[in-house]
2 protein chains.
Amino acid sequence: MLSKTCEYGIRATIFIALQSLMGMRTSLKYIAEEIDSPEAFTAKILQKLVRVKIIESSKGVNGGFNMASDRIKSTSVLDIVYAIDGYDICNRCVLGLSQCSSNNPCSVHHKFRPVREDLIALMNKTTVEEMALGIKDKLAILR
Amino acid sequence: MLSKTCEYGIRATIFIALQSLMGMRTSLKYIAEEIDSPEAFTAKILQKLVRVKIIESSKGVNGGFNMASDRIKSTSVLDIVYAIDGYDICNRCVLGLSQCSSNNPCSVHHKFRPVREDLIALMNKTTVEEMALGIKDKLAILR
DNA sequence: ACATATTCGGACACAAATGTCCTATTTTTT
DNA sequence: AAAAAATAGGACATTTGTGTCCGAATATGT
Ligand code: FES
Ligand code: FES
């Protein structure tokens, strides 16, 4: 469903948020360890998230990544997916037709579209804060 | 969501079913034209579907692909997806954890799992017949 | 100032998905 | 029997996703 890039991106963001909630900045190395992802690849993904300002970075000794508390609250899973995989997911036809529309629907459009919307709505209202708290309270795991 | 291979596979199957409902066998060339897919690549996909007996093929002059009427009724989208992409989709964690379980859930497991199940249930109960009839009645398109 | 620790960014490497080509095989028609 | 029309299947080619490496830039601590 999601690309690996997205999966790593979301997990990394959750961990950065978790650390930020505890007032800490986190290094790439530590992140990659904790979410069990390839370090150099994760770096690329984080760069992207920094560019769209979902997370912040600082270089040098004691540098690393962190997330502003308003961002933790306001950023949704969908925001991360958009930043990494782009906006297409929402408008792609399930059967791969060049365009998805109710005027010229494919054979499954009417049945599948609603579930799709549900999924997107869910991603849209699931915040990083919520996910990070799940980890903090040990209700969920990251690796 | 689905691989291109699956998308082509489903569209091709719908078209073969449609033709079979009208008592006709269909050649690869015609299928590829009608569903707007790369011919040689589509051939590979159809081979797979023949092997699992979702469709039937016959070689030689006037050969081609067809689908038995009981298959048209009994085959679901999920059957095709299973045949092509395998069984994994159902048990993969949304965030890419090595295993998805309620005991050790990721941060979105509890919220996303139900929607996922909905999607799978929908694929499971959407039959080839239903989709083919949509095309026949011009309520849907294939390309 | 210098050494060190860190992210940034480009280039490269590998793997998987997608797509093509050519020959073999089978069936039908002539 | 031969020719033609179709699928089957293996090998190859291309593209995209995933992942690595290394030098540059930048911030911190000594
Ligand atoms: S046209 Fe296929 S999902 Fe909308
Ligand atoms: S553990 Fe992530 S979806 Fe189930």
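Since the structure is predicted, the reported quantities are computational estimates derived from the model, not experimental observations. Residue numbers begin at 1 in each chain, while the letters A, B, ... track the order of the sequences.
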Salt-bridge contact A:Glu33-A:Lys29 (side-chain N to carboxylate O under 4.0 Å): no

With A:Phe112, which residues qualify under ring pair (Phe, Tyr, Trp, His ring centres under 6.0 Å), at least two apart? none

Smallest separation among heavy atoms of A:Val81 and A:Cys6, with atom names: CA-SG, 3.7 Å

With sequence neighbours excluded, what pairs up with B:Ser76 under the side-chain hydrogen bond (donor to acceptor under 3.5 Å, both in side chains) test? B:Asp79

Which residues pass the salt bridge (charged side-chain N to carboxylate O under 4.0 Å, His left out) test with B:Lys73, not counting sequence neighbours? B:Glu129

Within residues 6-23 of chain B, the residues having a heavy atom closer than 4.0 Å to DNA chain C are B:Tyr8

Apart from B:Leu97 itself, what residues make up its hydrophobic cluster when side-chain heavy atoms of I, L, V, M, F, W and Y under 4.5 Å apart count as a link, directly or indirectly? A:Ile141

Please list, in 5' to 3' order, the outermost nucleotides of DNA chain D lying under 4.0 Å from any heavy atom of chain A. D:dT18 to D:dG29

Output all residues satisfying side-chain hydrogen bond (donor to acceptor under 3.5 Å, both in side chains) with A:Thr126, sequence neighbours left out; order by chain, then residue number. B:Lys111

Quick one: side-chain hydrogen bond (donor to acceptor under 3.5 Å, both in side chains) pairs with a partner in residues 13-26 of chain B, sequence neighbours left out? B:Arg25-B:Ser58

Looking at C:dG19, C:dC21, C:dT18, which one has an atom nearest to any side-chain atom of B:Pro38? C:dG19

Candidate pair B:Arg11 and B:Glu7, rule salt bridge (charged side-chain N to carboxylate O under 4.0 Å, His left out), full reasoning: CA-CA 6 Å; B:Arg11 304 220 305 272; B:Glu7 292 172 354; 5.0 Å; no

List for me each residue that meets side-chain hydrogen bond (donor to acceptor under 3.5 Å, both in side chains) alongside B:Arg51, sequence neighbours excluded, and say none if there are none. B:Gln47

Reading nucleotides 3-9 of chain C 5' to 3', which nucleotides get B (base under 4.0 Å from a protein heavy atom), which S (sugar-phosphate only), which -? -BBBBBB

Atom pairs and distances, side-chain donor-acceptor, residues 39-46 of chain B, under 3.5 Å, sequence neighbours left out:
residue	atom	partner	partner atom	Å
B:Thr42	OG1	B:Ser37	OG	2.6
B:Thr42	OG1	B:Pro38	O	2.6

Using the side-chain contact (heavy atoms from CB on, under 4.5 Å) rule, pick out the option among A:Ile55, A:Ile80, A:Asp70 that qualifies with A:Thr75. A:Ile80

Neighbour count above 12 (heavy atom, 6.0 Å) for B:Arg92 CZ: no

Strictly below 4.0 Å, heavy-atom distances to any atom of DNA chain C: list the hits from residues 78-99 of chain A, or just say none. none

Euclidean distance, atom CE of residue B:Met1 to atom C1' of C:dA17 [Å, nearest integer]: 18 Å

